[in-house]
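Notes follow once the structure below has been shown.
First the proteins, then the strands, lettered A, B, ... as listed; each starts at 1.
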Amino acid sequence: MLPKAYDPQATEDRIYKLWEESGAFRADARSAKEAFAVSMPPPNATGQLHLGHAVMLALEDIFVRFARMRGKEALWLPGTDHAAIATESVVIKKIQKEEKVKDPRTHYGREKLVEKIAEFVEKSQGTIRSQIRKMGSSCDWSRERYTLDPALSRCVNEVFVKMYKDGLIYRGNRVVNWDTALQTTISDDEIEYVDREGTLWTFEYLSAKQTGGEPLFVATSRPETKLGDNAIIVHPDDERYQHLVGRHFEVEWPGGVTRHVTVIADHTVDRAFGTGAIGCTPFHSKVDFEIWQRHKEEILSEPLQVIGEDGLMTEHAGDFAGLSIEHCREHFVAGLQAQGRLLPEEKYVQPLSISYRSKQPVEPIPKLQWFIDVNKKVVSWKGKMMSLKEVMQEVVRCGDVRIIPDRFAKTYFQWIDNLQDWCISRQIWWGHRVPVWYRGEGDGERETYVGVAPPAGAGWEQDPDTLDTWFSSGLWTWSTLIDPVLAGDFSLSLEDLLRQSSDFRKFHPTSVMETGYDILFFWVARMILMSTYATGQIPFKTVYLHGLVRTREGKKMSKSDPQTCIDPLEIIAECGADALRMSMIVGQSPGNDFRLYKEKIGGYRNFVNKLWNASRFVLLECEKAEVDPHTITKLPDLKELSLADRAVLHASEVLIEEATQGLEEYRLSEVGERLYSFVWDFFCDWYLELSKGNANHAVLVHVLRRILKLLHPYCPFVTEELWIAFKPVNAELLITEAWPTVKEERKDPDAYSDFSLVIAVISAIRSLRADHGVEPGAKVSAIIHADCVKLLTSQRAHIERIARLSDLTVDAKAKKHAHAASTFLTGGIEVHVPLEGLIDLEKERTKLTKELKDVERFLTSIQAKLTNKKFLENAPEEVVALEKEKLTNAQEKAAKLQARLKTFA
RNA sequence: GGGUGGUUAGCUCAGUUGGUCUAGAGCGUCUGGUUUACACCCAGAAGGUCACAGGUUCGACUCCUGUACCACCCACCA
């Protein structure tokens, strides 16, 4: 016999092992079955499982288990990401702390440090693997991939070379986002904007003497960058400055440097902000850089870089060279003050760009970097030449890639509209090194080689930079499907590899990409870009975006605040993975954040236990009757079944229908809730209750098996464990069982509605009893007036037992009752419970009066409708019929209430 | 500045093309229960003018417009 309470700790690991050893997770590329593939978004190789992962794993596992049970060849490919910047900075910090090495980069050098990081990854990779298993993830571990696997690295190089040859990848000297803390460039998408209380300084840029009229004032929040100015920008229509446009000036700055600036006119200037004139600092502002590019002809002098990569002022800052930005600013402002050029400063809210990785300010600086051109029309897609941007737009617009919820398509388009060339090179060491080699001296004249493999010959030096981690993860859906053995053969081209890899042929494009909406741009968009370009295929047909997990108070969960942070592993140990999964799926709708808290999870732990005990009950009933549940294979003749049996069969057929359709349409929350309610509110509370003492074992076992199957994607562990007790003799694991299909002949809506009537009657009696404080053990009699005498009489035994009646009288017509009876009206049925001595007549009268009032109010509203000509003309017939029925029922009820009230008068 | 989402019982949320919604669930609250599946339980009850204001419609929680508040995303106001 099963233990009294379900013990997930004693079950889950054992069941997982069973699955893994059975080979149920493994997909077969040669199978004739329809493919269903999901690429698992790879967690950081050094990561720890958090709730974000848990949600992703739960959702994807449901998709995959559902597909597998429906007879599809289901592949869920797991893997990990090398997470370039994140991993490198973690290891560097670790070395600094543990080995007391101040600068691990210079201390160890490139080769040794990369080795140390690899070692660290190797060691910690096992953690996340075992944690993914803890969630019950049915992924194919035989196909596990890592972004730095040789085959995947080769794909990275192949794509880089292909893009380079197509002119999509270029090297350019441009203003990039420099993370001064991490000492690397980052892409535009890795910047966050925060509002900060800033100061706006207004100062005399040009004196009255210089302009020959009014002095020219300029406002800035970054005075120190003015040292790198080569122009002043005004609006072309700004009359205040018309006469200055095109003139050149020498400006002396604090710090002892002099700059040559030109006044130019550009329509991007906002005349209303500050003084309407701004200093142009091309090397420390992307906007200014672009303006400079537009006006290069007019501007005589070159811009200067005054802030270095180290975050200190360069030699161009004169006396301020070597100072930090903040110090330089203080000195510079003081200098302006001393020269009498400064107006009173103002406070204002300034948008500050910070790095999403280091949370430190991002400095725009000029740097020679690698970029992907998103506007060049060299990509062939559906017979047309398009830019990467256009292909990305096209596949979503025409529906090849569907985004759930679809409103995110709009967000996606908006992002693409603003997309600029993607800076892909990083100055860190951990990752895929840019596959470019140089030979010779000097920057410009050096010989350059771009190739998948290093060039032959001596003297070649590889580009020191590595690629943005999203470059490689952008390939994830297909690079993971490339045959690793074939990938070792460099005589094959990328096209050959794709063509010859059976996994790629079978499983790409993948079916669903499920991930958080927060990486729609970072990752989802990049996969679309990379896949369409490199393989000519979309990466996935559907994108399912889940929301972020929040605390009960609606705050983001953060590791730094353990009080609000729920650790999935702790929960699994406490409540089980099934409960955690349910609690994250039910009440969660795609694209919306949701709150998770202990009580909610506790509720689903209770549910899992409820299912466990319902199964125990069925088992006990079988035992009592000496029926072995395993031997039950057939249902008895439907005509011989009791009302409850026919009703539960009907309900379970409807449940199959709804669950199947709901899952097909990705309405996981709704289906989860439906299953929950079926199991608890219908199956346990009514069907099992009625089965006591007169169980039909075949039906019990049959319905329970249906439940286990339907619930398996949500609660794989407990259902698999219970399946062992209930499966038919020849059956194997539940994970590979066939999903139930609807049998129309088992439906019996009449039985179901009759059964519902019985339920309503019992509820009515229970309610009357409780209202009057009848002792729970005491038996009372009841009198029912209803048209369905036959039905109720046939169910008399059930009603008497469950409602605890001494005797039950069923009549078609109302008779006179003793005053001392309480009445309940439900669906045309009149239920009276005579309660001699227990009834407070006044209370009973009040209750009936109140009910009568409600009915009359309702009646008025329906009558208004039914006498409304327009309603009768416009509303569909069935609605009118329905309203008429409601009217009749309400009238009947009102009449009965009135009659009943009269007996109290 | 542009965009998106939210606002439904004390709390967390459902509510699929407008009409079985006289608006549901879970938790919490209250009343009462150790009848051998389950106290991780059972029975019963209380609790909502569906943010606000208009509009469309025979009919609106559901569609449209506007307002308020909250949240998020994007953007070159130095």
Salt bridge between A/K286 and A/D188, side-chain N to carboxylate O under 4.0 Å? yes
Does B/rC76 have its OP1 or OP2 closer than 4.0 Å to a side-chain nitrogen or oxygen of A/Y193? yes
So what does A/C684 touch, heavy atoms closer than 4.0 Å: a base, only the sugar-phosphate, or nothing? base
Does A/K4 place a side-chain N or O at less than 4.0 Å from the phosphate oxygens OP1/OP2 of B/rC38? yes
A/L882 has a side chain; which of B/rU20, B/rG44, B/rC40 sits nearest to it? B/rU20
Do the side-chain N or O atoms of A/S589 get closer than 4.0 angstrom to the phosphate oxygens (OP1, OP2) of B/rA14? yes
Starting at CZ of A/R766 and ending at C1' of B/rG33, how long is that distance when rounded to a whole Å? 12 Å
May I ask you to check whether A/F682 and A/Y752 place their ring centres under 6.0 Å from each other? yes
Atom NZ of A/K555 and atom C1' of B/rC11 are separated, to the nearest Å, by 16 Å
Regarding A/K624 and A/E621, does a basic nitrogen lie under 4.0 Å from an acidic carboxylate oxygen? yes
Round to the nearest Å and state the distance from A/F607 atom CZ to B/rC41 atom P. 12 Å
Does the plane of the ring in A/W292 sit parallel, tilted or perpendicular to the ring in A/F289? Use 30° and 60° as the thresholds. perpendicular
Which part of the nucleic acid, if any, lies within contact of A/F683, taking any heavy atom under 4.0 Å across all strands shown: a base, the sugar-phosphate backbone alone, or nothing? nothing
When rounded to whole Å, the CZ to P distance for the pair A/F594 and B/rU12 reads 15 Å
Nearest-nucleotide check on RNA chain B, A/T275 vs A/E673; residue mapping nearer the 5' end is A/E673
From the options B/rA75, B/rG33, B/rC40, select the nucleotide whose nearest atom is closest to the side chain of A/R605. B/rC40
Residue met sooner reading RNA chain B from 5', once A/G591 and A/N874 are mapped to nucleotides: A/G591
Counting the atoms with a prime plus P, OP1 and OP2 as sugar-phosphate, which does A/N592 contact under 4.0 Å by heavy atoms, base, sugar-phosphate, or nothing? sugar-phosphate
Parallel, tilted or perpendicular: rings of A/Y676 and A/Y604 (30°, 60°): perpendicular
Any carboxylate oxygen within less than 4.0 angstrom of a Lys/Arg side-chain nitrogen, looking at A/D593 and A/R550? yes
Phosphate-side-chain proximity, A/R595 and B/rC13, N/O vs OP1/OP2 below 4.0 Å: yes
Is the ring pair A/F203/A/Y205 parallel, tilted or perpendicular, if the boundaries are 30 and 60 degrees? parallel
Classify the angle between the aromatic ring planes of A/W415 and A/F521 as parallel (below 30°), tilted (30 to 60°) or perpendicular (above 60°). parallel
Nearest-angstrom distance from the residue atom CG of A/L611 to C1' of B/rA37: 12 Å
Between B/rA45 and A/S767, is there an OP1 or OP2 to side-chain N/O distance shorter than 4.0 Å? yes
For the side chain of A/Q414, counting heavy atoms from C-beta on, which of B/rG26, B/rG2, B/rC38 is nearest? B/rG2
Which listed nucleotide (B/rA37, B/rU16, B/rC38) is nearest to the side chain of A/L688? B/rA37
Which nucleotide sits closest to the side chain of A/R552: B/rC74, B/rC11, B/rC40? B/rC11
From the options B/rC38, B/rG5, B/rC58, select the nucleotide whose nearest atom is closest to the side chain of A/A875. B/rC58
Between OH of A/Y666 and C1' of B/rU16 the distance, given in whole Å, is 17 Å
Report yes if a donor N or O on one partner sits less than 3.5 Å from an acceptor N or O on the other, where the partners are the side chain of A/K610 and the base of B/rC38; otherwise report no. yes
Checking B/rA78, B/rC40, B/rC58 against the side chain of A/N868 (C-beta onward), the nearest is B/rC58
Just checking A/Q420: base, sugar-phosphate only, or nothing, at a heavy-atom cut-off of under 4.0 Å? nothing
Look at the side-chain N and O atoms of A/K886 and state whether any lies under 4.0 Å from the OP1 or OP2 oxygen of B/rU20. yes
Heavy atoms under 4.0 Å, any strand shown: does A/R271 hit a base, just sugar-phosphate, or nothing? nothing
Within the structure, does a side-chain N or O atom of A/K410 lie under 4.0 Å from either OP1 or OP2 of B/rG3? no
With pairs defined as Watson-Crick or G-U wobble and both distances under 3.5 angstrom, please note down RNA chain B as a dot-bracket string, | for pairing with another strand. (((((((..((((.....[....)))).(((((.......))))).....(((((..]....))))))))))))....
Rounded distance in Å - CH2 (A/W680) to C1' (B/rC27): 12 Å
From B/rC58, B/rA75, B/rA78, nucleotide with atom closest to A/F871 side chain: B/rC58
Separation of B/rU12 P from A/Q588 CD (nearest whole Å): 17 Å
With the threshold set at 4.0 Å, does a side-chain nitrogen-carboxylate oxygen contact exist between A/R402 and A/D406? no
